[in-house]
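See structure below.
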Amino acid sequence: MVPSWRSPAPVAPEPGAAGAGNGFGAVDGVPVPSPPMAKAPVLTPQADDFPRWYQDVLAKAELADNGPVRGTMVIRPYGYGIWERMQAEVDARIKAAGAENAYFPLFIPQSYLTREAEHVEGFSPELAVVTHAGGKELDEPIVVRPTSETVIGEFMAKWVNSHRDLPLLLNQWANVVRWELRTRLFLRTSEFLWQEGHTAHATEEDARAYALRIHLDVYQDFMVNVLAMPVYIGRKTKQERFAGATNTLACEAIMRDGKALQMGTSHELGQNFAKAFDITYQSVEGTQEMAWTTSWGSSTRMIGGLIMVHGDDKGLRVPPRLAATQAVVMVIRDDDGVVEAASALTDELRAAGVRVRLDDRTDTSFGRRATDWELKGVPVRIEVGPRDLANGEVTVVRRDSSEKHQAAVAGLAATVPGLLEDIQAAMLAEATAFRDANTAEVATIDEARAAAQTGFAKIPWATLGVAGEAELAKDAITVRCIQRPDGSVPTSEDEPGNIAIVARSY
RNA sequence: CGGGGUGUGGCUCAGCUUGGCAGAGCGCUGCGUUCGGGACGCAGAGGUCGUGGGUUCAAAUCCCGCCACCCCGACCA
């Protein structure tokens, strides 16, 4: 954790710390104002109270607010800008994998859900159901989609007739609703935004290979190379599998408090949905065959992961490849020629391909603006003031390391893209080092339980097993995924040498 | 669904024990001085104290009901 430049300020006496304190000293019942104290930190330090820090970041970086209905979320422009960048990067990878975007309805007939036994069982507790519409009670209740396997299955059945129609590779960007009891902005909300892919294939091998391809080429690649976030990839245990899937693959990332966050999943659905919705095709030989389907998704939860993997006590840190604003040019004050110089530099940076913004709000103090950009996590800040300018220089500040240096204005723009790549690499290296330092290799269940208090534990799956999984569950520790010793995704959970990664999770 | 707690300007809360003019900090508006690390001064705006009833000369404060939200124990991207 990078220390703040400000000395750690003594925090105001905690109300309640001394009986029913009122935050003030009291002499004979007369409230006395607290003595002058050092300025409080902008954010609750992570080490003091991580959940509080997370909420502070959401508010101060203007990412999101709670919606009026319990568990709902308002995504503010800065937060939505991050989502739009995520969408652009993920969407490009999905299309590169051959899938096309489409859109299916928000409303699903309740009867669809009931066609796949495990699927209904898994989702019924969290369904929002419409029973009245147009002023009348509906004959058949309508479910607000918690995911779209069922409606899409219905249409796949209609569109797939021949082996020539396969594979059918679809994706949609949509909102879904899952009535959650315990909610946290971005991590678990009753409504969230995501991308859900749905595909149908002629063979099990083809479906399995595609689910894995999406997992590696879309999710893992995006998370590592754009989010600068190392992820463990592997199979879910039967216990953790998606309702209705025959196999679930997951990307698991470690947050700075040591807890795991599932960042994206890819499912092999076998023929479960094909049977339920009658997705069949005529083979080359002329026989009727049942298709094999997959589904895969990633959501606005990734924004929560971004915050908790890269954030520090000064706020968010956005990796340059993701950042909608990669660099901000700050006019320190409205002095002779400063605005002009800053504006010219901004143009040069833009011409050099940098997503740059000019901050010429000189009616707000420098310190306030600098703090705001740090809270928002803009990777590079370039300060343009009269003092530097007199020497033909500006001050360049990296958000990741807080390192500051002077640089000549002439030729600066050409060096910024390289600096951004350096920052991207440094952030991935830092996050990877953190993950590795907080992943313990253990040999017994007791050791795994202990290690999971502060991070991840790797334990042979043969040692843990279903019984060990159940035992750890009593302490809210779950198997995040099972992987091969080399970190790749096993074909079966029974492969010899398989490793289970266990942790507490969000 | 079981246990604990809280409802007072936009936000965080004090005031309630012991009834007596509705407060503070932050934020917001205006003016001025500032501007290289969350600026400062002055002047302002903003609340039927969750809600319905009761007690009282008088209720944010006491009593009863209701509602909402938050925190801790079984499912989930």
Side-chain angles (χ1 to χ4, degrees), chain A residues 4-6 9 12 15-16 19-24 26 29 31 33-34 38-43 51-52 55-56 59-60 65-66 68-71 121-127 146-147 175-184 186-196 219 236 239-243 248 250-252 261-267 295-305 314-315 330-335 338 361-375 381 383-389 393-395 397 402 404 406 473-474 476 478 505-506:
Chain A
S4 165
W5 68 88
R6 212 173 285 118
N22 57 9
F24 294 91
S34 304
K39 208 167 283 181
V42 178
L43 301 171
R52 181 86 172 271
Q55 292 197 19
D56 285 355
K60 299 269 176 111
D65 260 328
N66 282 299
V69 171
R70 177 188 159 72
E121 196 189 330
F123 280 105
S124 23
E126 42 187 330
L127 290 181
T147 178
N175 59 338
V176 283
V177 168
R178 299 178 185 180
W179 219 251
E180 300 285 354
L181 302 167
R182 190 77 197 83
T183 61
R184 293 186 83 182
F186 289 123
L187 301 175
R188 176 171 297 105
T189 47
S190 289
E191 179 191 7
F192 58 91
L193 307 183
W194 76 348
Q195 142 288 304
E196 52 176 322
Y219 298 146
K236 285 292 189 187
Q239 184 61 230
E240 299 284 322
R241 212 181 271 163
F242 174 77
T248 288
C251 291
E252 296 282 334
L261 184 70
Q262 183 178 130
M263 301 275 296
T265 52
S266 191
H267 314 290
S295 68
W296 25 279
S298 62
S299 72
T300 39
R301 171 180 270 188
M302 291 191 292
I303 299 173
K314 288 196 242 172
M330 287 185 69
V331 174
I332 296 220
R333 50 196 257 184
D334 190 0
D335 257 18
V338 176
R361 299 170 298 162
T362 46
D363 55 345
T364 303
S365 74
F366 167 79
R368 161 67 59 163
R369 289 181 290 141
T371 304
D372 282 348
W373 292 120
E374 277 167 358
L375 282 165
R381 193 169 75 239
E383 303 173 0
V384 183
R387 233 149 58 198
D388 288 338
L389 230 41
E393 295 182 330
V394 293
T395 302
V397 189
S402 295
K404 272 189 196 189
Q406 305 297 117
K474 291 175 194 160
T478 50
S505 72
Y506 278 98

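Sequence lines set the chain letters: A, B, ... in the order given, protein chains first and strands last, and positions in each chain run from 1. Just the heavy atoms: all of them, side chains too, but no hydrogens, waters or symmetry mates, feed the values below. Computed from a prediction, not measured in an experiment: that's the story for all the values here.
Among the protein residues, A:Ser298 comes within range of no part of the nucleic acid, since none of its heavy atoms lies under 4.0 Å from any strand. Within the 4.0 angstrom heavy-atom criterion, base atoms lie near A:Thr364. Counting any heavy atom pair closer than 4.0 Å across all strands shown, A:Asp388 reaches a base atom. Nucleic acid contact for A:Arg381: base, since at least one base atom lies under 4.0 Å from a heavy atom of the residue.
For B:rG37, the base has no donor-acceptor partner in the side chain of A:Ser365 [N/O atoms by modelled type, under 3.5 angstrom]. Side-chain to base pairing of A:Lys404 with B:rG37: one donor and one acceptor N or O lie within less than 3.5 Å of each other.
Across all non-hydrogen atoms, the minimal contact from A:Lys404 to A:Val397 is CG-CG2, 3.5 Å. Residues A:Arg182 and A:Arg188 share a closest heavy-atom pair of O-CD, 3.2 Å.
Comparing B:rG7 with B:rA14, their P atoms sit 7 Å apart, to the nearest whole Å. Remark: the separation of the C1' atoms in B:rA39 and B:rC26 is 15 Å, to the nearest Å. The C1' atoms of B:rG47 and B:rU12 are separated by 15 Å, rounded to the nearest whole Å. With P as the reference atom, B:rU48 and B:rC11 are 14 Å apart, rounded to whole Å. Taking atom C1' in both B:rU18 and B:rU51, one finds a spacing of 27 Å when rounded to whole Å. Only the C1' atoms considered, B:rG23 is 11 Å distant from B:rG9, to the nearest whole Å. Atom C1' of B:rU55 sits at a distance of 47 Å from the matching atom of B:rC42, rounded to the whole Å. Annotation: B:rG3 and B:rG20 have their P atoms spaced 34 Å apart (nearest Å).
In this structure, A:Arg361 atom CZ and B:rG36 atom C1' are separated by 16 Å, rounded to whole Å. We find that CD1 of A:Ile332 is positioned 17 Å from P of B:rU34, with the value rounded to whole Å. Atom CZ of A:Arg333 and atom C1' of B:rA39 are 14 Å apart (whole Å). Residue A:Leu43 contributes atom CG, which lies 15 Å from atom C1' of B:rC26 at whole-angstrom precision. Between A:Arg369 atom CZ and B:rA39 atom C1' the separation is 12 Å, expressed in whole Å. Computed from coordinates, the A:Asp335 CG to B:rC35 P distance equals 9 Å when rounded to whole Å. If you measure from atom CD of A:Glu374 to atom P of B:rG37, you get 12 Å, rounded to the nearest angstrom. Atoms CG (A:Leu375) and C1' (B:rG37) sit 12 Å apart, rounded to a whole Å.
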Checklist line | Annotated protein contacts, base or backbone, on nucleotides 72-77 of chain B with a non-hydrogen cut-off under 4.0 Å, one of B, S, - each | finding: S-B-BB
Checklist line | Audit row: A:Phe242, A:Thr265, side-chain contact (heavy atoms from CB on, under 4.5 Å) steps and yes/no | finding: CA-CA 9 Å; A:Phe242 174 77; A:Thr265 52; over 6 Å; no
Next item on the list: Decide yes or no on side-chain contact (heavy atoms from CB on, under 4.5 Å) for A:Phe366 and A:Met330, but give the supporting numbers first.
Entry: CA-CA 8 Å; A:Phe366 167 79; A:Met330 287 185 69; 3.6 Å; yes
Next item on the list: Begin with the C-alpha distance, continue with both residues' side-chain angles, and end with the deciding distance and a verdict on side-chain contact (heavy atoms from CB on, under 4.5 Å) for A:Glu252 and A:Lys236.
Entry: CA-CA 11 Å; A:Glu252 296 282 334; A:Lys236 285 292 189 187; 2.8 Å; yes
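Side-chain proximity of A:Arg70 to the nucleotides B:rC69, B:rG36, B:rC35 is greatest for B:rC69.
Pairing for B:rC66 goes to B:rG50, judged as Watson-Crick or G-U wobble with the two contacts each under 3.5 Å. B:rC75 is unpaired under the Watson-Crick or G-U wobble criterion, no partner having all donor-acceptor distances under 3.5 Å. Base pairing annotation: B:rU12 forms a Watson-Crick or G-U wobble pair with B:rA24, both donor-acceptor distances under 3.5 Å. Across all strands shown, B:rG41 forms a Watson-Crick or G-U wobble pair, both distances under 3.5 Å, with B:rC31.
Heavy-atom contacts from other residues, nucleotides or ligands closer than 6.0 Å to CD of A:Gln55 number 12 or fewer.
At least one donor-acceptor pair closer than 3.5 Å links the side chain of A:Gln195 to the backbone N or O of A:Ser298.
A side-chain donor from one of A:Lys314 and A:Ser402 sits under 3.5 Å from a side-chain acceptor of the other.
Using a 4.0 Å cut-off, some side-chain N or O of A:Arg368 falls inside it from OP1 or OP2 of B:rG27.
One distance of note links OG1 of A:Thr395 with CD of A:Gln406; it measures 3.5 Å at 0.5 Å rounding.
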